[in-house]
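As structure tokens, the structure follows; a few thoughts come after it.
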There are 6 protein chains.
Amino acid sequence: MMSGKHREVNIYGDIKLFAGTACPELAAEVAAYLGCPLSGRDVTLFPNDNLFVRLHSSVRGQDVYVIQTTSKPVHRNLMELLIMLQTLRLDSAARVTAVIPYLCYARSDKKDKPRVPITARLVADMIEVAGADRYITLDLHAGQIQGFFSIPGDVLTAFHILTDYTKKLLPHMRDPVVVAADLGFAKKGRNFAATINAPIAFIEKRRSGGDDQPAALTLIGEVNNRDVLVVDDEVDTGGSVSQAVQLVKACGARDVYLIFVHPVLSSPAEKRLSELPIKQIITTNTIPIPPEKAAALQGKLKVLSVAPLLGEVIIRAHQGRSVGEMFDE
Amino acid sequence: MMSGKHREVNIYGDIKLFAGTACPELAAEVAAYLGCPLSGRDVTLFPNDNLFVRLHSSVRGQDVYVIQTTSKPVHRNLMELLIMLQTLRLDSAARVTAVIPYLCYARSDKKDKPRVPITARLVADMIEVAGADRYITLDLHAGQIQGFFSIPGDVLTAFHILTDYTKKLLPHMRDPVVVAADLGFAKKGRNFAATINAPIAFIEKRRSGGDDQPAALTLIGEVNNRDVLVVDDEVDTGGSVSQAVQLVKACGARDVYLIFVHPVLSSPAEKRLSELPIKQIITTNTIPIPPEKAAALQGKLKVLSVAPLLGEVIIRAHQGRSVGEMFDE
Amino acid sequence: MMSGKHREVNIYGDIKLFAGTACPELAAEVAAYLGCPLSGRDVTLFPNDNLFVRLHSSVRGQDVYVIQTTSKPVHRNLMELLIMLQTLRLDSAARVTAVIPYLCYARSDKKDKPRVPITARLVADMIEVAGADRYITLDLHAGQIQGFFSIPGDVLTAFHILTDYTKKLLPHMRDPVVVAADLGFAKKGRNFAATINAPIAFIEKRRSGGDDQPAALTLIGEVNNRDVLVVDDEVDTGGSVSQAVQLVKACGARDVYLIFVHPVLSSPAEKRLSELPIKQIITTNTIPIPPEKAAALQGKLKVLSVAPLLGEVIIRAHQGRSVGEMFDE
Amino acid sequence: MMSGKHREVNIYGDIKLFAGTACPELAAEVAAYLGCPLSGRDVTLFPNDNLFVRLHSSVRGQDVYVIQTTSKPVHRNLMELLIMLQTLRLDSAARVTAVIPYLCYARSDKKDKPRVPITARLVADMIEVAGADRYITLDLHAGQIQGFFSIPGDVLTAFHILTDYTKKLLPHMRDPVVVAADLGFAKKGRNFAATINAPIAFIEKRRSGGDDQPAALTLIGEVNNRDVLVVDDEVDTGGSVSQAVQLVKACGARDVYLIFVHPVLSSPAEKRLSELPIKQIITTNTIPIPPEKAAALQGKLKVLSVAPLLGEVIIRAHQGRSVGEMFDE
Amino acid sequence: MMSGKHREVNIYGDIKLFAGTACPELAAEVAAYLGCPLSGRDVTLFPNDNLFVRLHSSVRGQDVYVIQTTSKPVHRNLMELLIMLQTLRLDSAARVTAVIPYLCYARSDKKDKPRVPITARLVADMIEVAGADRYITLDLHAGQIQGFFSIPGDVLTAFHILTDYTKKLLPHMRDPVVVAADLGFAKKGRNFAATINAPIAFIEKRRSGGDDQPAALTLIGEVNNRDVLVVDDEVDTGGSVSQAVQLVKACGARDVYLIFVHPVLSSPAEKRLSELPIKQIITTNTIPIPPEKAAALQGKLKVLSVAPLLGEVIIRAHQGRSVGEMFDE
Amino acid sequence: MMSGKHREVNIYGDIKLFAGTACPELAAEVAAYLGCPLSGRDVTLFPNDNLFVRLHSSVRGQDVYVIQTTSKPVHRNLMELLIMLQTLRLDSAARVTAVIPYLCYARSDKKDKPRVPITARLVADMIEVAGADRYITLDLHAGQIQGFFSIPGDVLTAFHILTDYTKKLLPHMRDPVVVAADLGFAKKGRNFAATINAPIAFIEKRRSGGDDQPAALTLIGEVNNRDVLVVDDEVDTGGSVSQAVQLVKACGARDVYLIFVHPVLSSPAEKRLSELPIKQIITTNTIPIPPEKAAALQGKLKVLSVAPLLGEVIIRAHQGRSVGEMFDE
């Protein structure tokens, strides 16, 4: 009497796509993938540093996606996202999804000492109170951050994008070994290594003095005479990976590749990375890399796009189809 | 059997005072008034533009006040406030009060056209979700903004500070008249005029074309041969007051005084104001005026301190005593 | 691949229209405009003063609009609205919109002295807790009240209805001038004047003694030998407009018209207005005017209907189409 | 090291007592019991039917109790209570307790047919959203209503007051039997009977036709030649008890006493009761009985005061002492 | 212009049916009635007593119903339901309905003494916080429990199923009389009696000593030489009904039938009931009866299925059609 | 004027200590440490598997701590905790703190595949909705779980207890090395190693086939001829540590010590551990170890008590003193 078969209806009205000002190229790529233009909106920064948003057309009863990464300038980009979310909600959108390729403050996710914040939870609360019904993001620093939200979300990973690309390089490598630059990344590093069928080694950082004392680094595992893939989820100022590369080199590594999802690349990362004996830097466009930084890394930098991934997930979310089956899960 | 008489107990534990980085001088003045030092905390801005806060001592079971104005850089200052509020809440403070001399985004308080935000409500929601139990602020653009909060608060006014100072100048003025620079300030302007026992006039701005067409200004009321007090709640870029001063001068005004609570003074306000035929600019320290701007207005600028007002309200809030009776209300 | 074009589907199930007992004529007009009959319901007032509501048919999965104004008897009408909202929610309506032509307690929107309520916020909270998903209302006393709600809403204005009608009268007027009866209405009065291309004047009320002392009125601007349009958002007991009309007459006004949205008309408003030298009273039907009051104003009273406006907005809200574009916005 | 012994400190600041306008005599009695005067407040009903409240003094950090019953006029009394609660919360009271001797709408506590409200839950939600931290009430129609609140409360009973009084009458009665006037009161009727050590009988009401058909009444149990105590939680229009008294009389009852907690007494209750062959009507002052109604029942009416009960509970709630032990529980 | 006629669209996406592990047969019957198979899911109990749930397919944008009764083992079954609800919500179901044939803890619905819980409210809160948008349940111990939920729900009754079956037995009975085994069931017992057009009698239980003293039972009404239908909402250990059957037998009852909705049947209920002189035990399958218990009652037990009722309500809830009209209401 | 010095007042009334039935010995030890007896309460499990709680004395206005671990039977223990929390809240406790030595479901803290729950967040939500104002717990599986709560809490660690004990053993060990049994514990393992000043090695588990294929284990780092300390946060069935011990033994380890905080020890953990060549098993009493399991591990098992830690934190929480400074932080 009732059919369990799936109808392909758009249950939340039409799709509508907006972008903040933080990652216009990525947003345009997603729009192109979807074949759905970005909707017009004004984003104005007044002389008093207040942002103002106005939508060019109504979103009543529609299924709206706002693409905004929360990289530098972090607070402005975050506030822009929040204001857009509230504007869409007050304009009676049927459903509002925040698409945040890089979620700021994800490293402030626990109280590892007393009297400090858990800012990632605060950010989740702010996104909810502004009016998001759902969110889509990529490679959170810790998977647990999904539990900071009470709204549902799609926490995606660019892992397959990075391993697929790496697999193509493998025939040109000699005895590759994966090195996790940070012990907090040990488990994900192991997954990376397992996927490309390579062994893994770890770098242990140990601080004997206070927080301001230099840390002693130890390599645990074998890299001698091997090509090394240093992996991490993000590179900020490049301090840690810089030490990691020097250490593996000192331990006899041959070619070194640096692989990470989020190119935060705060200064002086571009300088540090450009001076290191790295063969290739493989990352994604969850954060736009300013031209001057990209120039500094010229020839070494390979940026893979997450736009098809985000686009496909948006389609499926809109049509009520499985996202998991994209990954054979 | 039960006494209705008031005991002077501190029902919420001890008082503890923190300050963000936005208005250190005002915070220090308030601390001095209270005879209670500012508690130590680290506020760090990391290279990736993320803020980090750490309190130097525990606030368990204490009655905490955080002084932070939300002037430029607005988003950083706001986020700093929010992170401090969350940190204090997670550290189990008994009560957390946000003391915000100038509340940002207060002009985005209604949807006067479709598809725009009510950002002041968003800011109120953010302050609540971060963990404030109460708030104290000064001269909101519209009194209704108090209704955006569901937590209780003390919305104070620097009105008495400004009228008290003005009254002292009156013997030196000739036929003073108050001019409301904006019709939205008409009612408060009337109150100002009534308090100093002067008549009032209004400036009507009317736009015949679109938003980008220049507006026609009309003076309604009498200023000829009179000393004029142009009053408003804040001065941003100084465009409106600049036109107002020119208009009253053209209508025969003698000396012109400019009186407002919040010195937002976005550029080129300092240039505009310095070039105007103004006798004195009277304002408060709800927002710190950078030295270079203060220098540009040298000789004309009179900054009255709201520190004693904030300090007294904090004491009374802490001790559970009436704030209203400070104003004979 | 995805179409951004708008489909005209009713995303929230069928439309269903209910009315409380407060404004049956207006509700019937709206129903006629929509071509959708009012759904049956019982509203019973028991001898113990408790209200009881029963719907005649199910509203599961439907898009329901309840029309109920909150004029006198205010508390009964408000409670009736709240009970209907809860009943609809508990009966699993897909979406419930409260259509409130006149929102009670809108003048209690800020704490202008200590230890008083912000009842408009309380009313907003009550409407939300009862189960409204959205609301539609007309000409709030202050636009900021929209920020008291956390649900989205359409705050409409009968402004165009009043100015359109007024424009037709203009050819018969001589040198018309708009007079704002209250300084709180100064800005909206200016907009009215600008739309009909007339100058504006203000009435300033100043109280030298306590709240119970009579206030001194001053006219600021020119009305001599002109036709005067006294404008306000509502007329309650008619005291203020009565004084205003007498003042402009004393200042040489010719014909006087009284224009306002909400005919609260608490006694003795009908007596006061009937005795005043007013040529015409122009208002709307957001509040029903009892026959005996209408009779007292016979010949002077022109009531314009807001039913087409409400009806059109309901259609658009139901179909997910823009409301803003009704006003070329 | 830690003492488990109880200190008698007032942990929520000083006690402060307010009363609405619904039951001034009861409020005065409670105040007298507490030896704590009622705090001053203005309650004004404006011509537009809007209520306004202003407190005469600050309640910051104090432990406030508002006494307001919600009898007729129900909606005005309820709204008055809600506005007072919000005012107290916004004035930063440490704790606000609503003391509601009679809670309106308690009979609308379940959906016994489709498409009707559960208004008692709505009322509970309204009391919470207005700002009550706790509530105190008496003899809810169903004990489950306590579960409608998410705030804690003291749901008291005047049961002991009524049975204590009844026990004093017992020596003058012959073979007393308790009769539950309504099957919904069967269990509480049994408790009453058990406390005074009398048997119980029931009146069964059965409707063969629709809701508007008269119901057939059957007495189940024995009343012949016995004194009868008809008990219920409230008497509204007196229809049911009127039938009950006539039925027990027809079944041979001797003297009939009518005992109930809440004297709702909607007209024509006073007429009905005055015409019935009842020896005594025993009730409480949770609802004030207007003088003309009391006069109609002259000689038969015995009103027992709940003021000492409410007063004692307020003291204990304020001092953090057990309420249960008042009843040896 | 707008049609009020009902379209039969499935507004919440496709229907999807899940079952927990508590009542697999009933769930299968409901699925068969709907013609919609149960969706696959893993429910795993790990050695550490933690439950784990995984859905076999995506539920994005779908209208999901989870069938899970909360009988013994109560806490495991409840937790399983809650985890399934959260999983469905986090997987972005459009709407999640908890179908709970028997709701646990319904007897803990009020504080009849101090310092005890209202666990039924806690259970309602847990179901809401886990993510249910709606719920469907049968014959709550008290109708008021519906008011413990703030989400809408369908509280159904198996009353018609039981009375329809009973009516078929009536021609074979002699002078049947309904007996309410508990005074709390008096009103529902009366309704049962009225529907089958029989008289009613009551059993009064009175405890003279403490809670642990045996209670004295009195029969109020007539059963001599009559067939007796003992009715209640559930039978737990069978202690009360056991006493009731013995009492009516002692009072001269002929055949005794035992009729109740929820067969909780905690041990030693099966033993007690099997030893009683009962002609038939009529109940439903809201709780599965273990084979060994069913065997003990062999020949006496008649289990009526609620599956068609639940199935029909699910269809109507899904299609947005009235549930009330199933019962001519 | 105001003193910033700390008064040692108990701001939340008196302390009151309750215990559930899950860890009576630990609760008694904490009570002894505090010098404050456990308050009386009944916890009853009815035949229908429903729990019932009754407090022996009032907790009005007091600062209550409930000690209940959530080990096996997990769901019963969790529900017992929740019911106690609600009972305390409804009895108007001033503050309720849940003291949960071992928090169940902490391993279900992220969605590492689609369509699974985040049960730890659900548990946090349940604890909050039941009424806890704060919580105290020990060694969460992931520190991020603290961000699942919106209430403040003290997440403690038994780390110092374990390392202090281990340090005393060090003089008797030869070349000790720490081995992290799971890569997810890599960072905490490193901290352990750094504290006792030993090197670290890792065990990498890699699965080539599906979830049901055996995993290949690799040791990364050096253990040959060394004493090995296998560390983890908890031991469940002992499968992983069993493999770990065998691997390090095969790699030449000398004495092996097993160190973990939470002795979950689900069967057949006791059998596995008893058969392994382990010198000592060092753990804590966050979960009671049943006598038969303790017996199976006789001679090897060292259980360190967390009671002084919990007791000290409760005192400090009650008195509003810093917890962080217990750890020199």
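So that the names make sense, note that chain A is the first sequence line, chain B the second, and so on, each numbered from 1. As the structure is a prediction and not an experimental result, all values here were calculated from the model.
In this structure, the portions of E/I118 lying under 4.5 Å from any heavy atom of chain F include both its backbone and its side chain. With a threshold of 4.5 angstrom between heavy atoms, F/P268 does not approach chain E through any atom at all. Using a 4.5 Å cut-off between heavy atoms, E/F52 touches chain F through its side chain atoms alone. At a 4.5 Å heavy-atom cutoff, the contact between E/V264 and chain F is made by side-chain atoms alone. Neither the backbone nor the side chain of F/S71 comes within contact range of chain E, judged by heavy atoms closer than 4.5 Å.
By the 4.0 Å N-to-carboxylate-O rule, E/R60 lies too far from E/D14 to be salt-bridged with it.
Considering only heavy-atom pairs separated by less than 4.5 Å from chain F, the leading option among E/R121, E/R89, E/R76 is E/R76. Heavy-atom pairs under 4.5 Å with chain F peak, among E/R41, E/H56, E/M84, E/R107, at E/H56. Your options are E/D42, E/L51, E/L265, and the one with the most heavy-atom pairs under 4.5 Å with chain F is E/L51. Across E/V129, E/L122, E/L88, the residue that shares the most heavy-atom pairs under 4.5 angstrom with chain F is E/L122. Heavy-atom pairs under 4.5 Å with chain E peak, among F/P117, F/G131, F/S266, F/A269, at F/P117. Of all the listed residues (F/V116, F/D125, F/V53), the one sharing the greatest number of non-hydrogen pairs under 4.5 Å with chain E is F/V116. Of all the listed residues (F/L55, F/L90, F/D91), the one sharing the greatest number of non-hydrogen pairs under 4.5 Å with chain E is F/L55. Across F/M79, F/M126, F/E128, the residue that shares the most heavy-atom pairs under 4.5 angstrom with chain E is F/M79.
Using a 4.5 Å heavy-atom threshold, the side chains of E/V303 and E/P263 count as separate.
When the options E/L38, E/V64, E/V96, E/V43 are evaluated for a side-chain contact (heavy atoms from CB on, under 4.5 Å) with E/F18, the one that passes is E/V64.
Between the side chains of F/R95 and F/Y65, a donor-acceptor pair is found at a separation under 3.5 Å. Side-chain contact, F/T119 with E/Q86: no donor N or O sits under 3.5 Å from an acceptor N or O.
Considering all non-hydrogen atoms of both residues, E/A294 and E/I289 come closest at N-CG2, 3.8 Å. When all heavy atoms of E/L82 and E/A130 are compared, the pair lying nearest together is O-CB, 3.6 Å. Nearest heavy atoms, F/L17 versus F/C36: CD2-O, 3.8 Å.
Under the side chain to side chain donor-acceptor pair (under 3.5 Å) criterion, F/S39 pairs with no residue at all, not counting sequence neighbours. Partners of F/S267 under the side-chain contact (heavy atoms from CB on, under 4.5 Å) rule, at least two apart in sequence or in another chain, are F/E270, F/K293.
Legend: ring pair (Phe, Tyr, Trp, His ring centres under 6.0 Å) pairs involving residues 90-128 of chain E, not counting sequence neighbours, sorted by first then second residue: E/H75-E/Y105, E/Y102-E/H262.
When the heavy atoms of residues 235-245 of chain E are compared with those of chain F, the residues falling under 4.5 Å are E/D236, E/T237, listed by number.
Between the CG atom of E/L45 and the CG atom of E/N50 there is a distance of 8.0 Å, given to the nearest 0.5 Å.
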